[in-house]
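So the structure is just underneath, and the comments pick up after that.
Below, chains carry the letters A, B, ... as their sequence lines are ordered, and counting in each starts from 1.
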Amino acid sequence: MLSKLLQTSSSKPKQLKKIHALVLTSGLSVKNSLLTHLLENLTLVGDMCYARKVFDEMHKPRVFLWNTLFKGYVKNNLPFESVQLYKKMRDLDVRPDEFTYPFVVKAISQLGVLAPCGFAFHAHVVKHGFETLGIVATELVMMYMKFGELKSAQFLFESMQGKDLVAWNAFIAVCVQTGNSALALECYNKMCADDAVLFDSFTVVSMLSACGQLGSLEIGKEVYDRARREGIDCNIIVENARLDMFLKCGSTEEAMVLFEEMEQRNVVSWSTMIVGYAMNGDSDEALALFNMMQNQGIRPNYVTFLGVLSACSHAGLVDEGKKYFGIMARSSDKSLEPRKEHYACMVDLLGRSGLLEEAYEFIKNMPLEPDAGIWGALLGACAVHGEIKLGQKVADVLVETAPDIGAYQVLLSNIYAAAGKWHCVDKVRSKMRKLGTKKVAAYSSVEFDGQLHYFNRGDKSHPQTKAIYEKLEEVLKKIRSMGYVPQTGSVFHDVETEEKESSLSHHSEKLAIAFGLINGRVEDPIRVMKNLRTCDDCHVFAKFVSRVTSRDIIMRDKNRFHHFRNGVCSCREFW
DNA sequence: ATAGGGTTAG
């Protein structure tokens with residue numbers, strides 16, 4: 001009778017406690033299955049404190065009850081409690097079984113620190129002979145990947161015997177999640193070559209996501225078409241991933257067609273569209289979608305608002321942005337309370353519009369502890385507006401909070417360079433050398449014929465190098481005669497003008513554009529993906545090129561898209 | 001009587 005009660009009352013915490021009291025006072029011999037039920041229901045409700053109380057009252061709980069508690073901690077994102085529980089388990093000499101480790105390893109992943117716990121747990125796993133178990137090994141691979149231990153993860157994954165579909169999918173997924181999409185692609189190809197495993201909708205979702213990251217429209221379409229051919233169920237998650245892939249490749253047209261065709265749309269579909277349109281610079285459409293969504297009774301979540309705020313930011317709509325931020329802050333829905341990312345969006349919005357002091361005040365008054373992302377947004381705005389004094393102040397904060405992120409130091413040095421303060425530039429540079437902060441090297445890529453072609457600055461490694469440079473020269477000559485003047489202000493080194501020009505003219509995005517001019521079809525846009533922000537000069541260059549060649553150029557940088565057509569950019573010079 | 005994989009944001 002009691003277990004029936006437990007089954008039906010799973011979502012009501014008060015009732016659960018009442019039943020527990022009843023169990024205790026009834027004097028009935030308490031069956032383990034009943035307690036498992038109780039623990040599981042408390043887990044679902046999220047009352048892990050009470051679950052722990054119930055657990056602690058048990059006399060010598062069997063391993064599976066420990067496991068149930070572990071499961072609860074993992075489900076409710078309480079890694080520290082998991083680790084403590086594991087220690088207790090070992091102190092009491094309770095032997096973990098094969099079910100224990102997947103939970104514990106996942107808890108370490110959630111904890112976010114590998115040493116010393118991660119290695120120690122791995123050692124325990126090996127000691128207990130569970131490393132060869134596919135499920136445990138899969139979790140270990142995910143753990144190492146999440147800690148940036150790519151080599152360890154790869155080694156472990158490759159030494160797994162008889163990998164099944166879930167193991168492959170897990171690895172591909174975690175590659176994408178950690179920004180290693182090229183590796184995900186490689187892995188997918190290997191998986192396809194393995195006759196023993198077939199792919200499923202999980203694989204497709206991760207692959208579409210990878211193609212979005214890489215800006216690989218052709219491969220993405222290929223993966224999807226293959227899924228269709230092989231009768232894989234393309235559910236809403238697959239379609240959402242495809243939607244995102246189109247938007248991340250700059251194809252808003254295809255995204256809109258798909259969005260209108262979709263049988264089902266959920267909050268993720270709408271948010272994907274809003275975020276995607278904001279990124280592509282069409283803020284009006286993004287905000288229109290937001291209104292439409294509400295008219296259709298779909299409740300926005302915090303990601304939707306990130307899209308809305310970034311739409312305002314990219315269009316310089318300060319008042320609109322403040323309005324939406326206010327809606328969030330006043331909402332009775334607790335899950336819509338502005339988070340750090342929203343504050344960062346607001347700082348970006350204010351700062352980019354030149355309201356640097358207001359942005360600074362906004363940070364000082366915010367109720368949450370500002371993180372590097374928020375200060376970074378302000379520093380970025382200082383760079384845009386050449387604001388040295390505030391920039392220095394912000395950079396000082398960032399050296400404290402995020403000394404390992406080179407991008408912030410580079411921003412500061414760029415601010416100095418733009419002001420011609422070369423001795424300050426040198427100081428920042430030498431500080432970076434001392435701290436060992438690395439700059440991320442810029443690169444651009446273009447997809448052609450199902451292949452991604454990568455270019456670094458001044459790259460001469462591409463097989464078509466000669467033709468690319470010739471094309472570049474030809475185009476430069478043509479656009480110079482039309483009034484293009486190299487924007488030498490974008491060179492952040494103290495070198496002579498002539499040298500500046502040649503350094504500029506070999507930026508990775510220019511090489512990529514030249515490659516696109518040689519290879520793509522005239523009617524297709526040239527899609528360039530860049531890992532960092534693009535510079536002023538390349539922006540001007542792309543505008544001219546789009547005019548003289550009558551080709552559309554779609555360029556994605558770290559923050560947003562630039563759609564160049566006939567000499568005009570979709571960003572309207574606001575970026 | 002318990003275990004590993006997926007979409008928006010970062």
Rounded distance (Å) that lies between atom P of B/dA3 and atom CE of A/Met142: 16 Å
Plane angle bin for A/Tyr101 and A/Phe130 - parallel if under 30°, tilted between 30 and 60°, otherwise perpendicular: tilted
Sugar-phosphate, base or nothing in reach of A/Thr272, heavy atoms under 4.0 Å: sugar-phosphate
B/dA1 base stacked by A/Phe64 (centroids within less than 5.5 Å, tilt under 30°): no
Rounded distance in Å - CZ (A/Phe55) to P (B/dT2): 17 Å
A/Val303 side-chain proximity, nearest of B/dA3, B/dA9, B/dG6: B/dA9
A/Ile135 side chain, from C-beta outward: closest of B/dG6, B/dA1, B/dG4: B/dG4
side-chain hydrogen bond (donor to acceptor under 3.5 Å, both in side chains) partners for A/Thr304, two or more places apart: A/Ser271, A/Asn301
Closest to side chain of A/Val166, choosing from B/dT8, B/dG4, B/dG6: B/dG4
Touch class at under 4.0 angstrom, heavy-atom based, for A/Ile172 against every strand present: nothing
Protein-nucleotide distance (A/Tyr73, atom OH; B/dA3, atom P), rounded to Å: 18 Å
Pair A/Thr178, A/Asn180: side-chain N/O donor-acceptor within cut-off below 3.5 Å: yes
Touch class at under 4.0 angstrom, heavy-atom based, for A/Lys248 against every strand present: sugar-phosphate
Closest to side chain of A/Asp97, choosing from B/dA3, B/dT7, B/dT2: B/dT2
Sugar-phosphate only, base, or nothing, as touched by A/Tyr302 at under 4.0 Å among non-hydrogen atoms: base
Phosphate-side-chain proximity, A/Lys340 and B/dG10, N/O vs OP1/OP2 below 4.0 Å: no
Options B/dT8, B/dA3, B/dG6, nucleotide nearest the side-chain atoms of A/Leu133: B/dA3
Sugar-phosphate only, base, or nothing, as touched by A/Val268 at under 4.0 Å among non-hydrogen atoms: base
Interatomic distance, A/Ile237 CD1 vs B/dT7 P [rounded to whole Å]: 8 Å
A/Lys75 NZ - B/dG4 P separation (whole Å): 8 Å
Base B/dG6 to side chain A/Asp200, donor-acceptor N/O within 3.5 Å cut-off: no
Euclidean distance, atom CH2 of residue A/Trp375 to atom P of B/dG10 [Å, nearest integer]: 20 Å
Sugar-phosphate, base or nothing in reach of A/Asn235, heavy atoms under 4.0 Å: base
Minimum-distance nucleotide (side-chain atoms of A/Glu40 versus B/dG10, B/dT2, B/dT7): B/dT2
Short side-chain N/O contact to B/dG6 OP1/OP2 from A/Gln177, under 4.0 Å: yes
Listed nucleotide nearest any side-chain atom of A/Phe99, set B/dA3, B/dG6, B/dG4: B/dA3
Atom CZ of A/Arg226: over 12 foreign heavy atoms under 6.0 Å: yes
Under-4.0 Å salt bridge between A/Asp194 and A/Lys190: no
Nearest-Å distance for atom pair CG/P, residues A/Leu208 and B/dT8: 11 Å
From B/dG6, B/dT8, B/dT2, nucleotide with atom closest to A/Ser201 side chain: B/dG6
Sugar-phosphate only, base, or nothing, as touched by A/Thr100 at under 4.0 Å among non-hydrogen atoms: nothing
Worked verdict on A/Phe290 versus A/Trp270 for ring pair (Phe, Tyr, Trp, His ring centres under 6.0 Å): CA-CA 8 Å; A/Phe290 182 62; A/Trp270 286 94; 9.8 Å; no
Interatomic distance, A/Trp66 CH2 vs B/dA1 P [rounded to whole Å]: 20 Å
Sugar-phosphate only, base, or nothing, as touched by A/Val204 at under 4.0 Å among non-hydrogen atoms: nothing
Touch class at under 4.0 angstrom, heavy-atom based, for A/Asn67 against every strand present: base
Side chains of residues 337-351 of chain A: which donor-acceptor pairs under 3.5 Å do they make with residues two or more places apart or in other chains?
from     : atom 1 : to       : atom 2 : distance (Å)
A/Lys340 : NZ     : A/Glu369 : O      : 3.3
A/His342 : ND1    : A/Arg339 : N      : 2.9
A/His342 : NE2    : A/Tyr302 : O      : 2.9
A/Asp348 : OD1    : A/Arg352 : NH2    : 3.0
A/Asp348 : OD2    : A/Ser313 : OG     : 2.6
A/Asp348 : OD2    : A/Arg352 : NE     : 3.3
A/Asp348 : OD2    : A/Arg352 : NH2    : 2.7

Sugar-phosphate only, base, or nothing, as touched by A/Ala167 at under 4.0 Å among non-hydrogen atoms: base
Side-chain donor/acceptor contact of A/Ser206 with base of B/dG6 under 3.5 Å: no
